[in-house]
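Data block below; observations after.
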Amino acid sequence: MLKPKTLILRTAGTNCDAETDAAFQLAGAETALIHIQNLISGKVNLNDYQILAIPGGFSYGDDISAGILLAVEMKHKLTDALNRFVADGKLIIGICNGFQVLVRTGLLPGINRSGSDTPEMMQQTTLAMNTSAKFECRWVDLETEKSTCVFTKGIKEQVYLPVAHAEGRFTAPPDVLEELESNKQVVFRYAKSEYPHNPNGSDVNIAGICDPTGRIFGLMPHPERFLMKWNHPRWTRLSETERTRSEEGDGLAIFKNAVNYVKSHGK
Amino acid sequence: MQNWKVEVYYKPEVPDTIGQGIVEDITDLGISGVDSVRTATVYWIEGTLDAEAIDRIGMELLADPITQVYTFRSQSDSTTDWTLEVQFKPGVTDAVGDSAVKGIKDLGITGVTGVRTGHKYWLTGNLNAEILETIARRLLMNDVIQTFSYEEPQS
């Protein structure tokens, strides 16, 4: 099969697009960096692609609150294209600012309460200001949950990735949290609940979630910043066994899973 | 043409981490006796918009539905706290205000001509006008581009 086509969405303030592009290319995808205006104008058709990636950054300066302006723009200017993309069973990943966007559009966690086929686009959870009230930039240990997420199928139980955000405290009403657990929508948790291991004070240490189908995935840590072993902050100081174990960084498997999913499902 | 003032602040059960940080910063200034600070972001929306449109703007754009609430009707602040408001001087570029205009237009709402933003603080503790002015000038504003106003507690 041809390489799966991945659209990496850009707008004012996006700044992790090059790394996300590299990640999908290393994973075997064909990629295109597309500005949102080209989707709104119709110059580029979202549905010519199989994977949509919303990268990290500070879209529209994180004005009002992180991700809200891009979320409003996507909800109201790309409604039909997005609905079709989701209904066709295609994949969406939102990293950091992209996760904030997906949460504010309501695509995540996307718990369907109306029984309708199209996504409800109602915000059910949020990523609030970190409890430390400041920007947190550090590497964190993550635990992979047994979830429905197609991006994390078969990956390691313990993953090491960096976070870099000010608004990453995942919080939701108790009934939504319960539903996330029972639907197996919690994908990653910070390995320990104390600060700074849980860098933002997230409820039940949640670092990443997926929608009920497992095809829409959002996470605060940056898997695109750990693609090869040399990205590890202490790679020169790791033991010989750890250093020679794999050329791959922990993050790459997430992008490979996406590419393999598309290849095997022919979306 | 009608101007609306929308205030966005945290629900009572959600910690206002920015406000808590300001309490510590006030202590660092050498001022003791401030017990608590709560914060709000203020949006002055100009144009021909009705209450229904402003309500949508508050709900879908300005306030986070999980952690925040908003008010927009003109109401007098009958509060036992000191209130302090910081806003840009006329002519100073307000980037967040300009972004809010974009967001409002994306919602499909017409008639907005401009948005200006500012911050509001509710303070409790052993305060007087002089202390409040010190806190404003040394911590919460930049005199080159901003102005402030305050109100004493209503008894």
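Just so we're on the same page: letters track the sequence lines, and every chain starts at 1.
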Checklist line | Among Val8(B), Thr117(B), Leu107(B), residue most engaged with chain A (heavy-atom pairs, under 4.5 Å) | finding: Leu107(B)

Next item on the list: Identify which of Lys134(A), Gln123(A), Met129(A) forms the greatest number of heavy-atom pairs closer than 4.5 Å to chain B.
Entry: Gln123(A)

Notebook entry, point to check: Side chain, backbone, both or neither: which part of Ser65(A) has a non-hydrogen atom closer than 4.5 Å to chain B?
Noted result: neither

Notebook entry, point to check: Going by the salt bridge (Lys or Arg N to Asp or Glu O under 4.0 Å) test, which pairs reach into residues 174-184 of chain A, not counting sequence neighbours?
Noted result: Arg113(A)-Asp175(A), Arg113(A)-Glu179(A), Glu181(A)-Arg189(A)

Checklist line | Asn130(A) versus chain B, the contacting section by heavy-atom distance below 4.5 Å | finding: backbone

Checklist line | chain B-proximal positions within residues 138-146 of chain A [heavy-atom distance under 4.5 Å] | finding: none

Notebook entry, point to check: According to the interplanar angle, ranging from 0 to 90°, do the rings of Tyr150(B) and Phe148(B) count as parallel (below 30°), tilted (30 to 60°) or perpendicular (above 60°)?
Noted result: parallel

Next item on the list: Would you please say whether a donor-acceptor pair under 3.5 Å links the side chains of Gln37(A) and His35(A)?
Entry: no

Next item on the list: Apply side chain to side chain contact (heavy atoms under 4.5 Å, CB included) to Asp88(A) and Asn47(A), showing your working.
Entry: CA-CA 9 Å; Asp88(A) 285 351; Asn47(A) 286 288; 4.3 Å; yes

Notebook entry, point to check: Can you say whether Thr41(B) sits under 4.5 Å from chain A via the side chain, the backbone, both, or neither, judging by heavy atoms?
Noted result: neither

Check: Given that the side chain runs from C-beta out, which part of Val14(B) has a heavy atom under 4.5 Å from chain A: side chain, backbone, both or neither?
Finding: side chain

Notebook entry, point to check: Is it true that the side chains of Glu7(B) and Tyr43(B) contain a donor and an acceptor less than 3.5 Å apart?
Noted result: no

Checklist line | Sequence neighbours excluded, every pair satisfying side chain to side chain donor-acceptor pair (under 3.5 Å) that has a member inside residues 161-172 of chain A | finding: His165(A)-Asn200(A), Thr171(A)-Asp203(A)

Next item on the list: Answer yes if the side chains of Ser59(A) and Asn97(A) hold a donor-acceptor pair under 3.5 Å, and no otherwise.
Entry: yes

Notebook entry, point to check: Is there a donor-acceptor contact under 3.5 Å linking the side chains of Glu130(B) and Asn128(B)?
Noted result: no

Check: Which pairs pass side chain to side chain donor-acceptor pair (under 3.5 Å) with one or both residues in residues 9-28 of chain B, sequence neighbours excluded?
Finding: Asp16(B)-Thr39(B)

